[in-house]
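Since the structure comes first, as structure tokens, the remarks are kept for the end.
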Amino acid sequence: MTFEWSSQEELATAFAQAIGHALDEFWAGQISADDLCAWAEELQGREDIALSPQDRDFLADALFQLSTPEICGPADEVAVALRLRLP
């Protein structure tokens with residue numbers, strides 16, 4: 001099944017667990033800092049992916065921090081801080 005970019009309806013919901021999974025992959029060396037940044041940027045820019053209401057504030061902040069290393073710092077430093085804040 002394919003969906004047009006960006007669908008008018010919400011196609012999926014992101015949860016804080018997704019951030020934890022992405023951080024685990026980063027620390028395991030399965031994805032690079034650039035991959036993590038691109039993933040966060042992509043997720044942040046999708047209007048058809050909802051943020052879980054109970055995780056919304058954390059997700060919005062985490063995605064911003066991971067997608068803007070030039071503002072928030074290197075992925076490894078951001079990842080440690082986010083891991084401590086994971087709900």
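Below, each value reflects all heavy atoms present in this structure, side chains not excepted, and no hydrogens, waters or symmetry copies.
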Same cluster or not: are Ile31 and Leu23 linked, directly or through other Ile, Leu, Val, Met, Phe, Trp or Tyr residues, by side-chain heavy atoms under 4.5 angstrom apart? yes

Check: Leu51 and Gln44 side chains under 4.5 Å, non-hydrogen atoms: no

Ile19 and Leu66, any side-chain heavy atoms less than 4.5 Å apart: yes

Which heavy atom of Leu43 sits nearest to which heavy atom of Ala14, and what is that distance? CD2-CB, 4.3 Å

Under the side chain to side chain donor-acceptor pair (under 3.5 Å) test, which residues partner Asp76, sequence neighbours left out? none

For atom CG of Asp57, is the number of surrounding heavy atoms from other residues, nucleotides or ligands below 6.0 Å larger than 12? no

Hey, quick one: are Leu82 and Trp39 part of the same hydrophobic cluster, counting side-chain heavy atoms closer than 4.5 Å, chains of contacts allowed? yes

Given the rule that I, L, V, M, F, W and Y join up when any side-chain heavy atoms are under 4.5 Å apart, are Val78 and Phe58 in one cluster? yes

What closest approach, in Å, do Ala75 and Leu36 show between heavy atoms, and which atom pair accounts for it? CB-CD2, 4.2 Å

Quick check: are there more than 12 heavy atoms from other residues, nucleotides or ligands sitting under 6.0 Å from CD of Gln54? yes

Say you draw a straight line from CD of Glu42 to CD1 of Ile49; how long is it, rounded to the nearest 0.5 Å? 7.5 Å

May I ask you to check whether Glu25 and His21 show a side-chain donor-acceptor distance below 3.5 Å? yes

Path from Val80 to Leu59 over hydrophobic side-chain contacts below 4.5 Å: yes

Taking every heavy atom of Phe64 against every heavy atom of Thr68, the minimum-distance pair comes out as O-OG1, 2.6 Å

Nearest atoms (heavy-atom pairs only) where Cys37 meets Ser67: SG-O, 3.6 Å

